[in-house]
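Remarks on the structure that follows.
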Amino acid sequence: MYTSYQDAYRLSMENRDAFWSEAAGKIQWEKKWDKVLDDTRKPFYRWFTGGRLNTCYNAIDYHVANGRGGQTAIIYDSPVTGTVKKITYGEFLHEVSLVAGMLKNLGVAKGDRVIIYMPMIPETMYAMLACARIGAVHSVVFGGFAPNELAVRIEDAKPKVMISSSCGIEPKGAIAYKPLLDKAIELSSHKPERCVIHQRPQLKAELTAGRDLDWNEGLKAAKPAGCVTVEATDPLYILYTSGTTGKPKGVMRDNGGHAVALRWTMENIYNVKPGDVYWAASDVGWVVGHSYIVYGPLFYGCTTILYEGKPVGTPDPGAFWRVISEHDVKVLFTAPTAFRAIKKEDPTGSFVKKYDISCLKHLFLAGERLDPDTYHWASDLLKIPVIDHWWQTETGWAIAANCMGIEQLPVKAGSPTKPAPGFDVHIIDEAAKELPKGKEGVIGIRLPLPPACLPTLWENDEGFVSSYLTEYPGYYATGDGGYMDKDGYIYIMGRVDDVINVAGHRLSTGGMEEVVAKHKDVAECAVIGVNDVLKGQVPIGFVVLKAGVTKAAEEITKEVVAMVRGEIGALACLKDVAVVPRLPKTRSGKILRSTMRKIADGQEYKTPSTIEDPAALQEIEGAAKTIGYPKE
Ligand code: COA
Ligand code: AMP
């Protein structure tokens, strides 16, 4: 239908219906859609209304019915437990049908929510697909989140059932999940009816009588369940992501548009074929995991890798190369941080030489800015195309990418290339006026968004409109700033809000401030994201103490760090906090966070004319130095 990027993009803009109905033709529907794009309830656009399908059928049953039953669907590679296990599509179908049967026994039906708080093990994928199979809505919560974060999600999603494991395994050892789960349920006013607990041999959990069900016991009592057909527009999952406050946003994904767009991306962006081995080295708790460990590769009949390990330390910086060569990986997708971690431990890339990785054809990176140094290091080392692509939890797939399956465009280091078909990307100013090429502004996507992007927030249409659609009328506000060059290449300069990216994990500095502010000795605080050579960004904090506090500053900052770790999770990585006499503010009381960021990053800064007292900036400079910023 198209042989060049230009043709594909033009068609997706000029004839949306033709573009996406062709893609939808490759998905199995029980009933064909009535409308490709339904714009009868603007700004709530819906895709494929009237269509009926089942996501799990498309991801598993269809492949089994079409000769892939014996093909490996999942390769579970877990250096932290010393396990490699291959699961065929046939076995996958059996397991998922049983888990679906177990959920049915627990009373879970179409539309009910199930929260999955699990590590990187096959059972997590079984649980997700089992929900999809019976039309239940899953919400996977990243295992690194602390009970408070889990509680907020329980409160919002109101799950009937929760599924968890006894533990996750980090290189430093097993992390018990069950106490975290119990605490979260205690904190939440909504109580799930039942919890299914998958016991791992490394650390067993004690079950709560009457509420908890052992995974294996549940399966023993279950009969395999079939697929329940749902509307294309019915929710498949909710994935919570950080916004500017402590309350995460429940990004909703539908069934129809999601299947259509994700399958399309496998062929046209990632350039794989059914049967190929595709590896997204991320976590199922993040959007990259949802889209490219689980759904995308399965819709397309690929073999997906579920890797329970790190890029370094499990056991060494050759871990990725081992997995690639051992499992014949064709495409690797990960975050730049992973490559920076490998580069730090093995700057000359000596570990690559131990393995034959000639099977690897493309490396895709996303989740944070791909700095030119990392780009050049990776492409010099691997000698394959290194493709930066830009996306967000909300979109579910790349907004800008080099579509390798259509046509490889020349790569420009520092740019994720051009808008992907379906995304009408514009650089705009504060008044939503288009800016000329080369000029930096905020990045907006003209509505409608393509299939698989969030149709709304979970049970929060108003929040969807106010968070994304109000500030720049007619556009979806991405929250990112950047510019477009004269050739139409996009450059992402970073978030324009209080969201930061730590090791490819999206976190809210506003959310951290809410935790810090709860400390009884803290009068006010500011948490800002500063540059970090390994993790891209890390948060640092400045606190002002209440008058009359006599406790040592060092003790208070330690407590603040522990509070953030305890309430958000270790992944927040807030380690450095300084006490200051006051925060620099404008005369109207706005904290000058961007100037503080420049100071901590060691960049030149101008004293804003609106500042209340310029001396406050010198105080920040002094305090930043005491906690080691700017870094050498
Ligand atoms: N469960 C429990 N704790 C977790 C966890 C999980 N699933 N994931 C991370 N944590 C904890 C870690 O143990 C660590 O705790 P610590 O402070 O006690 O050491 C903390 O959260 C920070 O973890 P992490 O960001 O993984 O830092 P690290 O220093 O252990 O490792 C990297 C650094 C670069 C190796 C690691 O961040 C990495 O692999 N990044 C790849 C990026 C990625 O996959 N991003 C996903 C989006 S595509
Ligand atoms: P998440 O929702 O966790 O996937 O995070 C999305 C955010 O990560 C985006 O809004 C960007 O700020 C950032 N991001 C993702 N991919 C890229 C990229 N390729 N380049 C720069 N920033 C990126």
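Just follow the structure's listing: the first ligand is 1, and inside any ligand the first atom is 1.
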Distance (rounded to the nearest 0.5 Å) between D254 CG and T456 OG1: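 Separation between the atoms: 11.5 Å.
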Where does [X] meet ligand 2, judged by heavy-atom distances below 4.0 Å: at the side chain, the backbone, both, or neither?
X	result
H505	neither
T393	both
R495	side chain

Among all protein heavy atoms, pick the one closest to [atom] and tell me residue, atom and distance.
atom	value
atom 3 (N) of ligand 1	I175 CD1, 3.7 Å
atom 6 (C) of ligand 2	W391 O, 3.5 Å
atom 27 (O) of ligand 1	K535 NZ, 3.0 Å
atom 9 (C) of ligand 1	E170 OE1, 3.5 Å
atom 17 (O) of ligand 1	R565 NH1, 3.2 Å
atom 44 (O) of ligand 1	A281 O, 3.6 Å
atom 43 (C) of ligand 1	A503 O, 3.9 Å
atom 46 (C) of ligand 1	S282 OG, 3.5 Å
atom 26 (O) of ligand 1	K310 NZ, 2.7 Å

Contacting atoms of ligand 2, where contact means under 4.0 angstrom from a heavy atom of I492: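 Counting atoms of ligand 2 from 1, those under 4.0 Å from I492 are 21 (C), 22 (N).
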Option passing ring-ring contact (aromatic ring centres under 6.0 Å, His included) with W397 (candidates Y292, F423, W391):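 Exactly one pass, corresponding to F423.
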Check: D283 N/O within less than 3.5 Å of ligand 1 N/O: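 So ligand 1 has no N or O lying under 3.5 Å from an N or O of D283.
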Geometric N/O contact T334 with ligand 1, under 3.5 angstrom: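 In fact, backbone or side chain, T334 has no N or O that close.
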Heavy-atom side-chain contact between [X] and [Y] under 4.5 Å:
X	Y	value
P122	L306	yes
E206	K178	no
T393	R506	yes

Ligand 1 contact on A280 by region, counting heavy-atom pairs under 4.0 Å: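 It is neither; nothing of A280 touches ligand 1.
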Backbone or side-chain N or O of A366 under 3.5 Å from ligand 2 N or O: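 Such a contact does not occur with ligand 2.
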N501-ligand 2 polar pair, N/O distance under 3.5 Å: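 Yes; the residue has a nitrogen or oxygen that sits under 3.5 Å from a nitrogen or oxygen of the ligand.
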